[in-house]
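Comments concern the structure below.
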2 protein chains.
Amino acid sequence: MLRPTTKDLAKAAGVSRATVDRVLNGREGVKKNTVDRVNLAIKELGFVRNIQAANLARSQRYRFVFALPRSGDLFLKEIVRHIDEASETFATDLVWCDVVHIDENDPHSISAFLGTLDPNETTGVAIMAPESPQVRDAIFRLQERGVAALPFIADQSAMEEHWVGTDHHAAGATAATLIGRFSHASEGSVLVVSESMRSRDSLERRIGFDAEMNKHFPGLRTLPSLETYGDEERAERIIHNSVNNNPDLIGAYVLSSEARVPLTILNDTMNSDHLIKISHERTPFTEAALRNGDLDGVIAQDPGHLVRSAVRKLKAITDRLVAKGSQERIRVEVLLRTNI
Amino acid sequence: MLRPTTKDLAKAAGVSRATVDRVLNGREGVKKNTVDRVNLAIKELGFVRNIQAANLARSQRYRFVFALPRSGDLFLKEIVRHIDEASETFATDLVWCDVVHIDENDPHSISAFLGTLDPNETTGVAIMAPESPQVRDAIFRLQERGVAALPFIADQSAMEEHWVGTDHHAAGATAATLIGRFSHASEGSVLVVSESMRSRDSLERRIGFDAEMNKHFPGLRTLPSLETYGDEERAERIIHNSVNNNPDLIGAYVLSSEARVPLTILNDTMNSDHLIKISHERTPFTEAALRNGDLDGVIAQDPGHLVRSAVRKLKAITDRLVAKGSQERIRVEVLLRTNI
DNA sequence: CCATTTTTGAGGCACGTGCATCATAAATAT
DNA sequence: ATATTTATGATGCACGTGCCTCAAAAATGG
């Protein structure tokens with residue numbers, strides 16, 4: 001039994017193909033009664049619109065924009081690399097991807113940028129930016145103008161059905177598990193370093209980390225978050241301080257995606273061989289650190305998977321197939337030396 | 001700049017659309033010289049055949065068969081569940097999936113089954129069966145008849161470019177890392193239980209496990225593999241024996257995908273709370289065991305990812321886009337209580 | 001009732017490719 | 001040279017859907 005076509009639909013509903021077309025594409029000028037008849041036939045026949053044929057007819061193409069922070073962060077570089085790769089992989093699906101850099105901390109400029117996007121040129125946008133009212137409103141306006149929008153990695157709580165990223169709470173808790181179980185000390189303190197605690201991701205990781213530590217490793221004391229603000233001198237000063245004040249250090253958790261600076265400083269400051277060190281994201285640096293033992297574990301989200309998932313979700317949204325993409329959950333990965 | 005079509009190609013190569021068509025679809029009756037001219041034009045224009053349009057023209061559909069062992073194993077059940085799910089997800093791509101059960105240990109019957117597959121009905125097959133000359137030959141014959149074939153989870157060394165599964169050596173090594181690092185004992189022995197050591201996966205996991213143990217945890221002694229052959233009584237006897245003979249047990253590694261029987265027996269046989277226990281694959285049982293502490297870690301391959309990856313690979317092969325699908329590497333996942 | 005508006009039908013072209021047929025041109029054999 | 005084979009061109013339909021136009025039918029208003 002072949003897939004029913006619009007012709008079959010028309011016959012089943014007792015209307016013409018023109019009317020079926022009007023209903024399918026939400027054109028007006030059709031009586032409610034007729035609309036219902038057609039929708040009933042759709043259900044009865046199990047009609048599914050052939051998207052390839054539809055795209056052919058409209059010569060539709062998908063152009064997706066990834067709006068990413070400007071930072072030179074290694075993780076971001078990986079993301080960009082995978083976007084280029086995905087551009088090739090999805091070329092046969094008529095999908096093109098571009099990267100645009102935004103000022104992540106300037107909601108106003110982000111909102112302005114989103115406002116400039118033309119639905120005729122841009123099919124959808126994946127946005128990696130911290131939550132803010134301006135951005136949220138801009139996203140809503142964008143959607144109203146017919147551009148698909150998808151929070152990417154950084155989540156916008158306003159639209160939780162549509163977003164691509166991991167469960168930060170679980171990620172933080174997993175970091176805690178690794179430190180707690182890898183460490184053979186039953187007492188001691190744990191350094192927590194972050195670039196900034198202003199983002200929701202960082203906060204949630206920290207909460208998950210503390211919850212797990214308190215519950216399962218009560219002997220271990222988690223120190224207040226050290227915020228580097230991306231400033232090396234400042235990082236050096238505060239890490240140095242903390243190391244001196246806490247001689248019972250048994251581990252360190254770097255919860256921002258840029259692990260290089262804090263870890264390098266830590267290693268320079270003290271002999272940190274006995275510390276359990278956990279950081280985030282697979283990058284050339286963290287891979288190398290895992291291999292040579294500078295890191296004991298990495299909590300990661302697969303950048304390739306993130307990107308491909310975002311593309312598929314954006315495509316599903318523009319094709320109006322919202323329901324399906326749900327199973328695309330991004331896992332909290334644990335990377336050890338042996339499974340890089 | 002729009003994508004060039006066969007019309008553009010014809011113009012650029014100075015031939016007719018009919019000839020372009022003959023070249024593109026490998027029909028004969030074209031002079032070598034002309035073929036070269038067309039291929040040159042393909043490269044110069046960067047022509048990519050519009051597969052959606054091609055499929056439409058041929059009313060091509062993809063029907064993929066998953067040939068799986070008959071066993072009632074939880075992991076296999078998960079795989080089947082995800083195949084059903086994928087069937088829905090990929091419906092819009094004109095892909096249908098069916099599951100067929102085979103006698104994994106009877107190469108002759110597998111070969112016979114593969115021989116019955118009709119290229120007109122079956123576009124491709126994902127085969128999960130242990131390596132054997134008969135199966136290998138049957139796969140080659142299948143491919144010659146125009147059916148795409150893909151070793152699935154169980155690998156066939158003869159075709160390493162095309163297969164979907166994880167690096168078993170790394171998986172075994174990761175199990176060793178977890179036991180070695182989670183255990184606070186510097187000396188002791190580790191139980192290794194398997195359903196059978198006849199499959200390549202089991203052997204490779206075991207090799208990876210031992211290599212890592214010997215190199216990084218020399219104080220820990222890995223015991224010879226206990227093979228249950230799926231027989232509960234036998235399992236009980238040999239596990240019981242081994243526990244009695246090795247009072248210094250500090251951990252257990254179950255390397256087959258069925259973890260329930262050995263773990264249950266182990267828990268019944270002794271107070272195994274202090275043991276570090278690692279097994280394979282995410283199943284309802286292992287998830288529950290992680291949650292309540294009966295398992296300390298699970299080494300897994302995402303069944304959904306495995307299935308979707310197989311579908312995409314089979315599709316890529318039939319669309320003759322072999323190069324791209326390569327980045328679809330299946331990760332060796334580490335599951336802990338916190339990142340289930 | 002007629003005039004007007006709304007709803008529906010009929011039909012056709014387009015998208016890019018596969019596939020078929022028939023005619024013509026070029027190469028090769030005799 | 002002519003007959004035969006081989007290579008190429010010209011053309012047209014099909015796939016399933018979007019989108020357009022024009023006419024006809026039905027509903028609505030007065």
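Chain letters run A, B, ... following the sequence lines, proteins first and then strands; every chain starts at 1. Small disclaimer: the values here were computed from a predicted structure and weren't measured. All values below come from the heavy atoms of this structure, side chains included, with hydrogens, waters and symmetry mates left out.
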Other residues, nucleotides, ligands: >12 heavy atoms within 6.0 Å of A:H101 NE2: yes
Salt bridge A:R81-A:E78, side-chain N to carboxylate O under 4.0 Å: yes
Check against salt bridge (charged side-chain N to carboxylate O under 4.0 Å, His left out), B:R141 and B:D137: CA-CA 6 Å; B:R141 265 177 275 131; B:D137 290 351; 5.1 Å; no
Aromatic ring pairing A:H305/B:H305, orientation class (parallel under 30°, perpendicular over 60°, tilted between): parallel
Base versus backbone protein contacts along nucleotides 7-23 of chain D [heavy-atom cut-off under 4.0 Å; B, S, -]: SBBB-B--BBBBB----
Lys/Arg-Asp/Glu bridge criterion (N-O < 4.0 Å) met for B:R331, B:D302: no
